[in-house]
Protein chains: 2
Amino acid sequence: MKRFFIKNKETILYGLTLAALLFLLKWLELRFIIIDYSFELYIGAIAMLFTAFGIWLAVKLMNPKTVVVEKEVYVKDFTLNEEELNKLRLSKRELEVLQLMAEGLSNQEIAGRLFVSLNTIKTHSSKVLEKLDVERRTQAVEKAKRLSIIP
Amino acid sequence: MKRFFIKNKETILYGLTLAALLFLLKWLELRFIIIDYSFELYIGAIAMLFTAFGIWLAVKLMNPKTVVVEKEVYVKDFTLNEEELNKLRLSKRELEVLQLMAEGLSNQEIAGRLFVSLNTIKTHSSKVLEKLDVERRTQAVEKAKRLSIIP
DNA sequence: CCCTAAATCATCCTTAAGTATGAGGGGAAA
DNA sequence: TTTCCCCTCATACTTAAGGATGATTTAGGG
């Protein structure tokens, strides 16, 4: 119940405002008849009022622009950035290949180390480059280190 | 004169819109009298119209709200190991090439960055690999980082 | 002035890296 | 059971990297 109110806060507020305005209208209508205000003036007032209301509503609801400010944090030793690692969606094998790449091993050497064929490592390394959004292994290593995915 | 129009574009637009709406109102007024639309419905339409107008105006004119999000960037601290660097006897240019290698640049990109030909960079990089006693650039970068010759 | 190291560029060649695509097996989740 | 992802491997191809060698120019030290 409470959550319903919170969720629909803006809508309810809008409704209540309209209701309040209807009262105001009725009152103005009476005055309009009695004191003979000009119809145009009355409409003008309504227009002004709702223009203001629209502006208020837009200001309330408008999406804020986000500005990302990078804050440098100096660290001595390596702590795995799991958040970034999860974002990249690297498979276990792909991460292994990336780590061995970072040690400066060739694809052939990596294949030997993991007891699989050179072609398999080529497939993995291509996937790694793709997922890291780079074109060469040196870039991949640089980016992975920068993101603290590998030491 | 032209600049005046440009400068007050929004204000003029607002004025013209109001004028157009006055026409609309007059027209609606006639219909209101003739076909006997309910007064509340008419007011409601006006209210909706100007609410929308207000929203449009606000979106047009408002400076977007900015939200600053701080993103932490982890930077490892680096102190140059001059002793090791001297031992390697790398020339100034070779060190430059090594540094750009470490940033993940290709030989072609390094050539562009240093305003020399690809062949020149190939010569330099070969010398770097030789002096660092490695066979691939990934190894060179790994070793140079390990020896604290580059960050 | 001569010698040397550095920097530049070139050619020719080999090997490694990377791209594209397909295919088959296996395991986990729907 | 079917679907989906991972891992494996293969073929064929293009591009980048690396090795060997030689030439030219320029700046600095003896």
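Naming: A, B, ... by sequence-line order, numbering from 1 per chain. None of the values given here were measured: they were computed from a predicted structure. Because only heavy atoms are used, hydrogens play no part in the values below, and waters and symmetry mates are left out as well, while side chains stay in.
- Atom C1' of nucleotide C:dA7 and atom CZ of B:F115 are separated by 17 Å, given to the nearest angstrom.
- For the pair B:L98 CG and D:dG18 C1', the interatomic distance rounds to 16 Å; values are reported in whole Å.
- Paired with B:E94 under the rule side-chain hydrogen bond (donor to acceptor under 3.5 Å, both in side chains), one option of B:K131, B:R89, B:Q99 passes, and it is B:K131.
- Taking for each of B:L90 and A:L129 the nucleotide of DNA chain C with the nearest heavy atom, the 5'-most of the two is the partner of B:L90.
- Residues A:A102 and A:I150 share a closest heavy-atom pair of CB-CD1, 3.5 Å.
- The neighbour count for B:K127 NZ, taken as heavy atoms of other residues, nucleotides or ligands under 6.0 Å away, does not exceed 12.
- Nearest nucleotide to the B:S125 side chain, out of D:dT11, D:dG18, D:dA17: D:dG18.
- Going from atom CD of B:E135 over to atom P of D:dA16 covers 22 Å, rounded to whole Å.
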Nucleotide N/O to protein N/O under 3.5 Å, stretch nucleotides 25-30 of chain C:
none

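- B:E109 has its side chain within reach of A:R136: a pair of non-hydrogen atoms, C-beta onward, lies under 4.5 Å apart.
- When heavy atoms are screened at a 4.0 angstrom cut-off, B:N107 is found touching the sugar-phosphate backbone but no base atom.
- Distances were taken from every side-chain heavy atom of B:R137 (C-beta onward) to each of C:dT8, C:dT11, D:dG18; the shortest belongs to D:dG18.
- When heavy atoms are screened at a 4.0 angstrom cut-off, A:S126 is found touching base atoms of the nucleic acid.
- Rounding to whole angstrom units, CG of residue B:L114 and P of C:dC9 are separated by 11 Å.
- Here D:dC5 presents its C1' atom at 17 Å from CG of A:L95, a figure rounded to the nearest Å.
- In the set D:dT8, C:dT8, C:dA6, D:dT8 carries the atom at the smallest distance from any side-chain atom of A:R93.
- Straight-line distance from the NE2 atom of A:H124 to the C1' atom of D:dC7: 6 Å, rounded to whole Å.
- If you check every strand for non-hydrogen atoms under 4.0 Å, B:L118 touches nothing.
- Here the side chains of A:I149 and A:L95 are in contact, with some heavy-atom distance below 4.5 Å.
- Per the geometry, CD belonging to B:E109 stands 13 Å off C1' belonging to D:dT15, to the nearest Å.
- Between A:K131 and A:S117, the residue whose closest nucleotide on DNA chain D is further toward the 5' end is A:K131.
- Atoms CG (B:N119) and P (D:dT21) sit 17 Å apart, rounded to a whole Å.
- Among the heavy atoms of the strands lying under 4.0 Å from B:T120 is at least one base atom, whether or not backbone atoms are also near.
- Residue B:T123 places a side-chain atom within donor-acceptor reach of the base of C:dC9, judged by atom type and a 3.5 Å distance cut-off alone.
- Ranking D:dG18, C:dA17, D:dC7 by closeness to the A:K122 side chain, first place goes to C:dA17.
- Checked by atom type and distance alone, the side chain of B:K143 pairs as donor or acceptor with a backbone atom of B:L132 at under 3.5 Å.
- A:K92 comes within 4.0 angstrom of the backbone, heavy atoms only, and of no base.
- A:N107 is listed as a side-chain neighbour of A:I121, based on a closest heavy-atom distance under 4.5 Å.
- For the side-chain contact (heavy atoms from CB on, under 4.5 Å) with A:R93, the qualifying choice from A:V116, A:L98, A:T123, A:T120 is A:V116, the only one to do so.
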